[in-house]
Amino acid sequence: MNIKTDQATINTNDAIPYTKEIDLTFPPLSCQLDSSNLTCLVGPHRSQLRAYLQMLAGISIPEQGMVNILGQQVSELDQLGWKKFRCKVGYLSGTAPLLSVQHGLMNVMLPVLYHTDLSFRETAAKARAIMAEINCDFEPTTYPALLTGFQRLQLALARALILEPEVLFLDVPFNDLGAKEREKMAKLLGRYKLNRTVCMIGGLQYPRFLEQHVKQIIYISEHKIISFNSWELFMQTADPEIRNLLSIL
Amino acid sequence: MNFFGNIGRQCIKLFLYVIDLTYFLLNAISVWKPHRNLYNRAVYSVFLDQLILTGINATAIVSFLAVFVGMVIASQLVFIMASITGANDLIKMLARLILSEMGPLITGFVMIGRSCSAIVVDLGNTKIRGEIASLEYLGIDIDDYFVLPRIVSMIISQVILALIFSAVMLFFGMLFSALIYDLSAQKSITELLSLVSVKSLFIFMLKNCLFGLIVGTVACFHGLSVENSPTQVSEQMQKAIVRSIVFLLLVDGYFIIFTL
């Protein structure tokens, strides 16, 4: 397989995620995630999809095969290289929460304070600016426990974006949101997918978002991996497994 | 046979635990590499928070405890010494007892009860809620951000609190002795200062640094040993407290043997 090493893409070649707790079969994944494109992984097992997403995000090293992210092979990175690499890759998780002992603003500031030499004041200004951009209309120094699920997700998005990553991973971003809030979140995410490679799981929780923005859908189950180049092709498929998955939604 | 087998298994378990703990500490310290900016703002802010929680906030209770323990120890010593030799060696005994034993040990126990348990609960709950994992996704080193600031602040707090405890305890102990036994406070202080040597001060500092290191490391190790169940938090807290006390007494025993 010809591996493209474009600076803003992710390539995988027969990659199988490393998992020790999930008792599922993982078929090898060969795919390419292009710049400014939104790719969604769908399938019947969320834990399986998350394992693939974390492998694509460089959080876990593949058990087999190769994953190339932004021209770098994750398995070859040393500790310092991995830290620098993580600044280029944002990861928003709808289930992994913010740090509860720090207030909202500090949570957003944290990656900048840790990875850069910006002063505290400059970092705070940057964090406030990004929070305003994301329409955080609450007091920035509120602790996460006192915020709603949507407000916490807004902060998590701000935290994932503050280092201006080239690639953004969304792990069930519509998790635990009401219909109105899903719509608002979809608008926000739609805005931030521009000029970035975006890959997500949990997109079927709000199909309208996929309908509007998705460029590639990768269906992953225990037996097969099928790639679709548009939402329409995915919806029109006659594959019985996918039809079954769609009928459950 | 089964009895000896059990003892053997427990010894192996203890040995492996000590190896795990040492590896954990070395792994945490290995974060400090040449490329690492020592003044990392995120880490520094956690360090200050921890210093306030474990050190500054404990000053009042440690001082309060020192006043009463000082008076109790002094009154007992006065009573014993008066019945044996008169009050000749009272100050010497008080200084030795407080500086080499009571100060570091009682402060260590306060740190275990107050801060060690707090660290285990804090880290354990943070891990269960998935907050640690989400920081790892951002490239934040867990040892750097969670472990090292807690251990360093624990060492500094233990040294400073033990100094405060010893000073307050000595002062009130001598004051109380002077009141009961009609000693000259000025003479007692002069005698006490003449007893404090560079060597005794060095041993005092070293002992307290080790105590802080042990309590901080054990607390972080057990806090991060929590996996996914809230019941593990109390379980790990219990283990951390008991093991910290055992290690503290072992180290203290070592110091007694080699400094007598």
Side-chain angles (χ1 to χ4, degrees), chain A residues 21 50 53-54 57-60 77-103 106-124 144-145 152 155-156 158-163 165 168-171, chain B residues 26-54 115 118-150 153 223 227-230 233:
Chain A
E21 286 155 8
R50 183 165 289 131
L53 188 80
Q54 293 193 344
I59 290 167
S60 64
L77 291 172
D78 60 1
Q79 204 181 355
L80 180 64
W82 197 79
K83 265 189 194 176
K84 282 183 180 168
F85 167 77
R86 291 250 58 89
C87 300
K88 297 179 196 166
V89 180
Y91 194 95
L92 165 70
S93 171
T95 51
L98 302 156
L99 206 54
S100 55
V101 291
Q102 303 281 11
H103 56 68
M106 190 63 189
N107 263 289
V108 179
M109 288 164 68
L110 197 57
V112 180
L113 289 175
Y114 188 80
H115 288 292
T116 71
D117 290 328
L118 274 187
S119 72
F120 204 83
R121 191 170 289 185
E122 286 168 323
T123 311
R152 280 199 289 268
L155 282 178
R159 189 171 73 169
L161 290 169
I162 196 159
L163 289 169
L168 184 62
F169 287 87
L170 308 171
D171 183 345
Chain B
L26 293 176
N27 202 34
I29 293 171
S30 72
V31 170
W32 281 331
K33 285 178 181 159
H35 62 74
R36 158 75 158 77
N37 175 14
L38 205 62
Y39 184 75
N40 184 303
R41 285 177 180 83
V43 178
Y44 187 66
S45 115
V46 178
F47 167 71
L48 282 184
D49 283 349
Q50 286 300 315
L51 205 60
I52 291 167
L53 283 173
T54 57
S115 309
I119 289 176
V120 178
V121 173
D122 177 26
L123 287 183
N125 285 331
T126 307
K127 196 172 173 192
I128 285 175
R129 285 193 296 258
E131 294 170 18
I132 290 184
S134 64
L135 288 190
E136 275 182 310
Y137 301 161
L138 291 165
I140 294 174
D141 192 308
I142 299 312
D143 288 326
D144 200 5
Y145 187 74
F146 284 104
V147 179
L148 271 181
R150 282 170 172 78
S153 67
E227 278 166 16
N228 42 27
S229 165
V233 176

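Order of the sequence lines sets the chain letters (A, B, ...), proteins ahead of strands, with each chain counted from 1. Here the structure is a predicted model, which means the values were calculated and not measured.
At a cut-off of 3.5 Å, with distance as the only test, no side-chain donor of Y137(B) or D171(A) sits close to an acceptor on the other residue.
Minimum heavy-atom separation, E136(B) to R86(A): O-CD, 3.7 Å. Summarising the geometry of K83(A) relative to D144(B), their closest heavy-atom pair is NZ-OD2, 4.1 Å, with the distance given to 0.1 Å. When all heavy atoms are compared, the tightest approach of S134(B) to P97(A) is OG-O, 3.0 Å. What you find for S119(A) and R41(B) is that their closest heavy atoms are CA-NE, 3.9 Å.
Residues E131(B) and N107(A) form no side-chain contact, since every pair of their non-hydrogen atoms from C-beta on lies 4.5 Å or further apart.
Screening V46(B), L135(B), L138(B) for a side chain to side chain contact (heavy atoms under 4.5 Å, CB included) with L110(A), the sole residue that qualifies is L135(B).
Expressed to the nearest 0.5 Å, how far CG of L99(A) lies from CZ of R129(B) amounts to 8.5 Å. Taken to the nearest 0.5 Å, the OG atom of S45(B) stands 3.5 Å off from the CE atom of M106(A).
Within the 4.5 angstrom heavy-atom criterion, only backbone atoms of L118(A) (N, CA, C, O) approach chain B. The parts of D141(B) that come within reach of chain A are both its backbone and its side chain, each placing non-hydrogen atoms under 4.5 angstrom from that chain.
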